[in-house]
Amino acid sequence: MSVDKNTVAKIANLARIAVSEDELEATAGELNNILDWVEQLSQVNTDGVEPMTSVVAAALPMREDKVTDGNYRDQILKNAPAVEQGFFAVPKVIE
Amino acid sequence: MSDLTKLTLSAARDGLHKGDFSAREITQAHLKAIDEAKILNSYIEVTSDQALEMADNADAMIKGNEAKPMTGIPIGIKDLYCTKGVHSQAASHILDGFKPEYESTVTSNLWNDGAVMLGKTNMDEFAMGSSNENSFYGPVKNPWRATNSDKDTVPGGSSGGSAAAVAADISIAATGTDTGGSIRQPASFCGLVGLKPTYGRCSRFGMIAFASSLDQAGPLTKTVRDAAIMLESMAGYDAKDSTSINIAVPNYEAALSGDVRGLKVGIPKEYRVDNMPPEIEKLWQQGIDWLKSAGAEIIDISLPHTKYALPTYYIVAPAECSSNLARYDGVKYGLRVAGDSLDNMYKNTRAQGFGDEVKRRILIGTYVLSAGYYDAYYLKAQRVRTLIAGDFKAAYEKCDVILTPTAPSAAFGLGEKVSDPLAMYLNDVFTVPASLSGLPGISVPAGLSSDGLPLGLQLIGQAFGEEQLLNAADVLETAAGFSDKPAKWWGA
């Protein structure tokens with residue numbers, strides 16, 4: 001499996017990273033080097049092996065379903081690049 | 001008064017408790033040394049005023065007989081930890097100006113014990129790298145240079161700023177984080193002790209996430225005893241991290257008995273990798289001999305899936321990173337680069353805000369998680385990961401700890417590998433398997449290369465077996481008797 005320019009453009013769009021037309025080729029090359037190298041995992045027989053979901057054999061802790069924090073809007077907004085009337089401000093989405 | 005910056009953590013603790021010097025004095029000595037070592041670029045932000053205030057509080061704790069082992073100890077904090085109101089950017093451009101409104105649990109634990117923050121240390125951006133050349137703030141220089149050379153070497157990564165700071169005596173100790181080797185490999189390159197605890201031992205709350213199933217906090221220190229003292233302060237259950245484990249934190253220093261008689265030390269044959277430099281091979285054999293002389297029993301073991309650990313890591317870690325780093329969108333914090341639509345604002349912000357290696361990993365991660373490839377890459381890697389962890393489980397039926405080299409080479413030259421990502425990844429060949437399995441690992445300085453650069457040996461322990469691991473490391477450290485320091489070429 002190897003990626004071409006179009007695939008890189010598609011992934012970059014999914015990842016929301018602008019990649020210019022002239023960077024696509026070089027990026028495809030770099031990604032293919034890595035993907036070719038990880039390809040060696042196909043040599044490993046993993047029939048019947050469960051995928052690891054947690055390195056520690058522990059059940060996730062349960063807690064009571066109640067609100068434990070909140071009411072700090074200003075602290076959350078403090079680091080935002082643009083704030084309007086107590087909200088995060090973004091470029092206009094709806095015409 | 002002798003130079004307070006040369007002290008180990010345990011000696012500094014003893015001196016502070018006896019009143020030989022104050023927390024303010026030892027902090028001031030370090031701030032002065034930091035100022036003279038700017039060329040190393042190991043600190044991104046120095047918090048002088050805060051440090052002196054914390055030192056005064058520590059002195060009050062000591063006077064009030066409330067001193068803990070970390071009280072008054074000046075330390076560096078990796079820029080990956082959120083520290084309230086203080087620069088916390090994981091050395092990335094995309095977090096420009098970010099000052100958290102909260103404190104990470106690990107740093108809270110340290111401050112509650114009276115430790116003093118000197119500043120935030122440089123690192124590879126978002127902890128992605130093995131040479132500290134991927135920082136938005138520029139590379140860190142290793143205080144160590146080859147004998148009779150004036151060429152700069154890398155400190156390793158990603159906790160390179162923390163490692164360089166401790167090696168240059170501009171912090172007594174420092175926090176690091178380790179995802180695939182980011183504490184142990186820089187410790188090896190800088191002649192230090194670096195401990196990655198068991199996954200779940202330290203809370204990840206407030207640590208800027210890279211790969212959540214692997215990230216773990218740990219100390220970089222001058223000695224094994226120092227690592228034991230510092231880990232005890234950092235570790236512990238935290239309800240804010242659902243993967244932190246609720247078991248008591250032992251007195252790790254008390255575990256250093258100096259006695260390893262009967263300890264079974266496993267030697268994995270698969271770690272004899274192709275092209276391993278003879279001096280690493282020789283050092284490893286030396287380590288085996290040292291532990292044997294101390295009464296340990298040496299056992300040959302096999303970890304058959306070792307060679308698949310790195311490619312597994314380079315699927316799992318980028319996959320998790322692509323998901324974790326989705327939050328950097330120019331809306332909630334940090335950098336925003338304008339665009340003519342919301343989507344283009346995201347794309348421009350992320351294109352300019354992330355460095356090349358971070359972007360590469362996000363793209364790889366996005367690809368391996370994308371529709372049609374998830375099973376072939378991600379699920380496959382998670383299955384191999386189960387096999388790798390199974391190898392260790394089987395090995396620990398026969399042995400107590402495992403001895404390996406930490407890294408396949410000594411520190412390399414600045415700029416030498418920066419254009420070859422795959423060559424860079426190979427640095428973590430010996431550290432990644434334990435990371436994938438959640439096991440604790442420690443690098444102990446064991447000797448010098450023929451060029452006069454430090455080399456480390458790694459001990460890997462069992463899950464939550466830090467006491468046994470630290471005890472074995474302490475014996476290895478004593479046997480190695482590594483006392484070399486870098487020749488000072490920086491500063492006045």
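Each chain gets a letter, A, B and so on, in the order the sequences are listed, and its residues count up from 1. As the structure is a prediction and not an experimental result, all values here were calculated from the model. Below, all heavy atoms of this structure are taken into account, side chains as well, without hydrogens, waters or symmetry copies.
- Classified by interplanar angle (parallel below 30°, tilted 30° to 60°, perpendicular above 60°), the ring pair F354(B)/F126(B) is perpendicular.
- Proximity to chain B is limited to the side chain of V93(A), based on heavy atoms less than 4.5 angstrom apart.
- In summary, the aromatic rings of Y328(B) and F98(B) are positioned with their centroids too far apart to meet the 6.0 Å limit.
- Heavy atoms from other residues, nucleotides or ligands lying under 6.0 Å from CD of Q43(A) number more than 12.
- Interface remark: T7(A) contributes side-chain atoms only to the contact with chain B (heavy atom separation under 4.5 Å).
- Only the side chain of L422(B) comes within contact range of chain A, with heavy atoms under 4.5 Å apart.
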Take S213(B) and R385(B), measure what side-chain contact (heavy atoms from CB on, under 4.5 Å) needs, and give me the verdict at the end. CA-CA 12 Å; S213(B) 78; R385(B) 193 174 173 187; 2.9 Å; yes
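- Using a 30° and 60° split on the angle between ring planes, Y313(B) and F210(B) fall in the perpendicular class, above 60°.
- At a 4.5 Å heavy-atom cutoff, S54(A) makes no contact with chain B through either its backbone or its side chain.
- The greatest number of non-hydrogen atom pairs below 4.5 Å with chain B, out of N45(A), T53(A), N13(A), is found for N13(A).
- Heavy atoms closer than 4.5 Å to chain A are found nowhere in S322(B), neither backbone nor side chain.
- Interface remark: Y102(B) contributes no atoms to any contact with chain A (heavy atom separation under 4.5 Å).
- Heavy atoms of other residues, nucleotides or ligands lying less than 6.0 angstrom from NZ of K84(B) number 12 at most.
- For T312(B), the parts lying near chain A are the backbone and the side chain together; criterion is any non-hydrogen pair under 4.5 Å.
- Contact count versus chain A (heavy atoms, under 4.5 Å) is highest, among D343(B), L379(B), L325(B), for D343(B).
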Stepwise side chain to side chain donor-acceptor pair (under 3.5 Å) test for N324(B) and S212(B): CA-CA 8 Å; N324(B) 270 326; S212(B) 303; 3.0 Å; yes
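- No other option in Y308(B), Y346(B), Y333(B) has as many heavy-atom pairs under 4.5 Å with chain A as Y308(B).
- For a residue to count as touching a neighbouring chain, one of its non-hydrogen atoms must lie under 4.5 Å from one of that chain's; by this rule A326(B) does not touch chain A.
- Partner of L436(B) under the side-chain contact (heavy atoms from CB on, under 4.5 Å) criterion, chosen from T386(B), L310(B), V384(B), I388(B): I388(B).
- Only the side chain of E30(A) comes within contact range of chain B, with at least one heavy atom under 4.5 Å from a heavy atom of that chain.
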